[in-house]
Chemist: 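Next up is a structure, given as structure tokens.
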Amino acid sequence: MRRTLYCGELREHHAGQKVVLEGWVNRRRNLGGLIFIDLRDREGLAQVVVNPEASCFSEADRVRAEWVIRVEGSVRLRPADQVNTKLATGAVEVIAERIEVLAEAKTPPFPIDAGWRGEDDPHVGEEVRLRNRVVDLRRRRLHHNLRLRHKVIAAIYRFLDARGFISVETPYLTRSTPEGARDFLVPSRLEPGHFYALPQSPQLFKQMLMVAGYDRYFQIARCFRDEDLRADRQPDFTQLDMEMSFVTQEDIIALNEELAAFILRETLGQEPTLPFPRLTYAEVMNRYGSDKPDLRFGLELQDVTEAFKGGEFRAFAGAEVVKALVVPGLLSRREIEELETTAKSKGAAGLAWARFENGALSGGIARYIPPHLPEQLGLTQGQTLLLVAGPWRKTVEGLGAVRLELGRRLGLIKPGFKFLWVVDFPLLEWDEEASRWTYMHHPFTSPNLEDLHLLDTDPGRVRAYAYDFVLNGSEIGGGSIRIHRRDLQERMFTLLGISPEEAQQKFGFLLEALSYGAPPHGGIAWGLDRFVAHLAGEESIREVIAFPKNKEGKETLTGAPAPVDEAQLAAVGLAVRSKV
RNA sequence: GCUCCGGUGGUGUAGUUGGUUAACAUACCCGCCUGUCACGUGGGAGAUCGCGGGUUCAAGUCCCGUCCGGAGCGCCA
């Protein structure tokens with residue numbers, strides 16, 4: 001007899017039926033003469049009862065947690081006083097007639113049963129979890145996360161298909177492109193000494209699909225970047241990649257926020273309000289000190305540059321900007337010191353402060369604060385004023401980091417999903433190390449045509465048609481309108497210090513494509529792992545990836561990366577140098 | 001590459017100013033138990049406290065080094 005239904009699907013209307021269940025023993029309770037088995041499959045738990053007179057009683061007595069068994073029996077309603085209201089199947093139980101052990105199991109290294117009966121799983125260290133990932137993946141939390149991820153992807157396909165997008169696959173073995181992140185290299189056997197690179201994104205392929213007239217493309221694409229890992233970064237990660245022809249920035253933004261709303265509706269039953277806020281880069285940096293601000297709380301930065309200009313406090317008098325944060329509450333010296341460390345980590349020179357208590361400012365730099373300032377900032381009794389002064393970017397980012405830390409510490413972050421778009425990014429930023437301009441997004445991003453006249457005279461002020469999609473303080477997507485004219489693309493390469501020869505060698509195929517009549521086009525890529533992690537309420541994308549890598553980039557199940565045979569190296573013309 | 005935090009039975013934790021046999025919960029094994037649902041109950045086994053060195057009469061505890069893991073900085077077009 002084969003399985004008739006999932007354990008978790010058992011309901012009252014099955015009462016009286018013969019069923020066959022197959023699954024894992026979540027828990028076994030032996031009352032002496034009577035045995036209960038909570039049988040588990042991906043849909044949930046069902047209670048199996050084994051009576052002492054049943055022929056399978058001795059088999060049931062032998063069974064242990066995580067054994068895989070098949071149970072044949074009949075469903076019956078439980079007496080009213082024995083209904084388990086915590087389980088969806090709690091009104092019924094299966095009286096076992098036959099039990100067959102399909103596989104015995106070692107005792108699991110950590111408990112996995114609690115989540116399945118609706119409780120919190122006890123905390124287990126991530127190292128232990130990743131080392132035993134198969135066991136870990138049995139827990140309900142990960143079942144839920146991976147199914148949510150699937151639902152998100154399924155919703156993406158439904159939505160984009162209905163809007164005329166087609167999914168096209170692009171190569172994983174491709175060419176190394178200069179700059180950007182470090183490439184993962186794959187040696188060529190047919191041409192020893194030559195290498196493929198794994199794509200950092202399908203960027204150039206999708207642009208060429210636009211030139212080829214496909215008009216609307218998308219792909220759930222794996223991307224590879226050989227950089228250090230973080231809670232929200234893996235060396236191989238998944239993008240929702242998208243590109244459209246004959247569109248404006250606003251078209252892309254509007255379509256993508258509809259997509260986001262559709263996904264939330266389909267997966268979580270939520271209805272976010274559209275449109276999402278669109279804030280300029282300058283505005284979010286000045287108000288939140290971040291290009292990916294968390295809008296779930298206020299605590300905005302305020303500009304007080306003028307109040308200190310030319311004043312007696314030398315450190316502030318000549319500063320490019322002075323920014324202030326009004327903190328609800330009196331912070332201790334120790335707390336301020338910790339926050340100063342946070343500010344300094346972003347390059348701020350320091351963190352000045354004063355407390356407003358007993359009707360006056362005291363402590364820190366209280367005596368240097370202009371008399372009118374507290375009123376201007378709305379500073380009231382029992383609050384702390386924090387200040388950073390210096391070059392614009394380090395100042396706002398320093399205080400922005402403090403804002404974020406305070407949001408967490410003071411519990412200001414409200415639950416929910418706060419989306420926004422950040423627009424009007426600068427096209428270029430100054431690279432101190434290389435002493436030249438470099439792109440902020442990527443070298444194919446179109447300048448805002450209104451700023452084109454500044455390109456040679458004042459490149460730093462040129463805005464880009466680039467936009468980031470931000471959710472709860474996390475960059476979940478980014479895109480741009482691309483350059484579709486060969487002459488402008490060549491001009492950009494020159495500005496970025498890429499010689500015509502180098503451009504031809506590395507991007508010749510793109511320039512060539514652009515010279516065959518390219519439509520105006522643009523697109524976006526979402527960090528799918530991050531997006532799903534937010535929807536699942538997880539801090540780390542490792543919780544929404546079945547087999548993630550740890551902080552050191554190791555895949556803990558298989559032990560990758562690992563050495564390979566000398567013969568394998570020889571076949572691709574490589575030899576490993578002894579460690580330097 | 002750098003900074004910070006952590007490492008104690010299988011798992012999760014406690015362990016005070018250094019002081020007897022390293023504690024607790026849970027899991028595990030055995031006994032008893034017919035309506036449990038984290039069953040109950042009695043018993044048992046299980047840890048050279050990540051590793052190495054140092055200080056000390058005495059180190060889980062203090063110091064140095066090292067390994068492993070996590071958070072962040074740099075990096076991430």
Side-chain angles (χ1 to χ4, degrees), chain A residues 26-39 45-54 57 64-66 78-79 81-87 89-90 93 95 106-132 135-136 177-183 199-201 203-204 223-235 237 338 341-342 344-347 397 401 404-405 427-429 431 433 438-445 464 466 475 478-480 492 496 498 507 525 527 539-540 542 550-552 554 556:
Chain A
N26 200 59
R27 227 175 155 87
R28 185 194 61 126
R29 292 177 292 283
N30 185 343
L31 271 62
L34 186 65
I35 296 174
F36 294 97
I37 292 171
D38 291 341
L39 195 62
L45 296 184
Q47 174 164 282
V48 174
V49 187
V50 189
N51 288 308
E53 56 275 13
F57 188 83
R64 293 292 183 272
E66 297 308 311
R78 300 198 202 178
D81 61 332
Q82 284 167 23
V83 169
N84 186 343
T85 52
K86 290 191 288 185
L87 294 180
T89 62
E93 61 192 3
I95 310 300
K106 291 204 292 186
T107 302
F110 47 86
I112 56 186
D113 56 299
W116 288 100
R117 53 174 189 267
E119 297 171 18
D120 287 336
D121 278 313
H123 172 261
V124 180
E126 193 171 13
E127 187 185 356
V128 176
R129 289 179 49 203
L130 288 183
R131 214 172 38 231
N132 301 280
V135 173
D136 191 32
T177 50
E179 323 225 9
R182 203 173 291 114
D183 280 321
Q200 297 180 24
S201 87
Q203 181 63 34
L204 293 172
C223 303
F224 306 86
R225 295 178 189 177
D226 188 7
E227 299 292 350
D228 286 356
L229 292 86
R230 291 285 187 281
D232 64 353
R233 267 173 27 201
Q234 289 267 305
F237 63 102
E338 287 167 0
T341 307
T342 303
K344 284 180 170 174
S345 76
K346 291 287 185 177
E397 288 188 344
L404 204 55
E405 181 62 27
L427 181 69
L428 303 163
E429 63 185 341
D431 183 339
E433 261 179 53
T438 181
Y439 44 83
M440 199 155 179
H441 186 58
H442 58 50
F444 321 110
T445 301
E475 182 197 328
S480 63
M492 274 301 297
L496 296 169
I498 300 171
F507 300 113
E539 298 279 324
S540 163
R542 292 189 291 271
N550 71 9
K551 195 85 192 305
E552 277 69 49
K554 290 178 190 139
T556 48

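In what follows, every chain begins at residue 1, and chains take the letters A, B, ... in the order their sequences are listed. Keep in mind it's a predicted model, so treat the numbers as computed, not measured.
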Chemist: What is the nucleic acid contact for Arg542(A), judged by heavy atoms within less than 4.0 Å: base, sugar-phosphate only, or nothing?
Modeler: sugar-phosphate

Chemist: Taking for each residue the nucleotide of RNA chain B with the nearest heavy atom, is it Asp228(A) or Gly125(A) whose nucleotide lies nearer the 5' end?
Modeler: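 The residue mapped nearer the 5' terminus is Gly125(A).
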
Chemist: Mapping Val49(A) and Asp113(A) onto RNA chain B by nearest heavy atom, which one lands closer to the 5' end?
Modeler: Val49(A)

Chemist: Indicate, with a heavy-atom threshold strictly under 4.0 Å, whether Arg27(A) touches base, sugar-phosphate, or nothing.
Modeler: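 Answer is sugar-phosphate: Arg27(A) comes under 4.0 Å of backbone atoms only.
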
Chemist: Can you tell me the pairing partner of G6(B) across any strand shown, Watson-Crick or G-U wobble, with both distances under 3.5 angstrom?
Modeler: C68(B)

Chemist: So, do Trp116(A) and Arg27(A) sit near enough that their side-chain heavy atoms are less than 4.5 Å apart?
Modeler: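 No, too far: nothing below the 4.5 Å cut-off.
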
Chemist: Can a side chain N or O of Lys554(A) be found less than 4.0 Å away from OP1 or OP2 on G69(B)?
Modeler: yes

Chemist: Report the distance from atom CG of Leu34(A) to atom P of C33(B), rounded to the nearest whole Å.
Modeler: 13 Å

Chemist: Would you indicate, yes or no, if U11(B) has its OP1 or OP2 atom less than 4.0 angstrom from a side-chain nitrogen or oxygen of His123(A)?
Modeler: no

Chemist: Assess whether side-chain contact (heavy atoms from CB on, under 4.5 Å) is satisfied between Val48(A) and Phe36(A), documenting all intermediate values.
Modeler: CA-CA 6 Å; Val48(A) 174; Phe36(A) 294 97; over 6 Å; no

Chemist: Any non-hydrogen side-chain atom of Glu338(A) less than 4.5 Å from a side-chain atom of Glu405(A)?
Modeler: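 Answer no - side chains too far apart.
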
Chemist: Among G12(B), C37(B), G74(B), which nucleotide has an atom closest to any side-chain atom of Val128(A)?
Modeler: G12(B)

Chemist: Say you pick atom P in A14(B) and the same atom in C37(B); how far apart are they, in whole Å?
Modeler: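 Those two atoms are separated by 30 Å.
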
Chemist: Of the nucleotides C76(B), C37(B), G70(B), which has the atom closest to the Asp38(A) side chain?
Modeler: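 Closest of the options to the side chain of Asp38(A): C37(B).
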
Chemist: Within the structure, does a side-chain N or O atom of Arg28(A) lie under 4.0 Å from either OP1 or OP2 of C39(B)?
Modeler: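 Looking at the OP1 and OP2 atoms of C39(B), neither is under 4.0 Å from any side-chain N or O of Arg28(A).
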
Chemist: Paired with A23(B): which nucleotide, if any, by Watson-Crick or G-U wobble criteria at under 3.5 Å for both distances?
Modeler: U13(B)

Chemist: Please state how far atom NZ in Lys551(A) lies from atom C1' in C4(B), giving the value in whole angstrom units.
Modeler: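 Result: 11 Å.
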
Chemist: Can a donor-acceptor pair be found, under 3.5 Å and without considering hydrogens, that links the side chain of Arg117(A) to the backbone of Leu87(A)?
Modeler: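 It does not hold such a pair.
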
Chemist: For nucleotides G12(B) and U56(B), find the distance between their P atoms and express it as a whole number of Å.
Modeler: 37 Å

Chemist: Counting only side-chain N and O atoms of Arg29(A), is one of them less than 4.0 Å from OP1 or OP2 of U36(B)?
Modeler: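 No, because none of the side-chain N or O atoms of Arg29(A) sits under 4.0 Å from OP1 or OP2 of U36(B).
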
Chemist: Looking only at side-chain atoms of Arg230(A), point me to the closest of G70(B), G35(B), G74(B).
Modeler: G74(B)

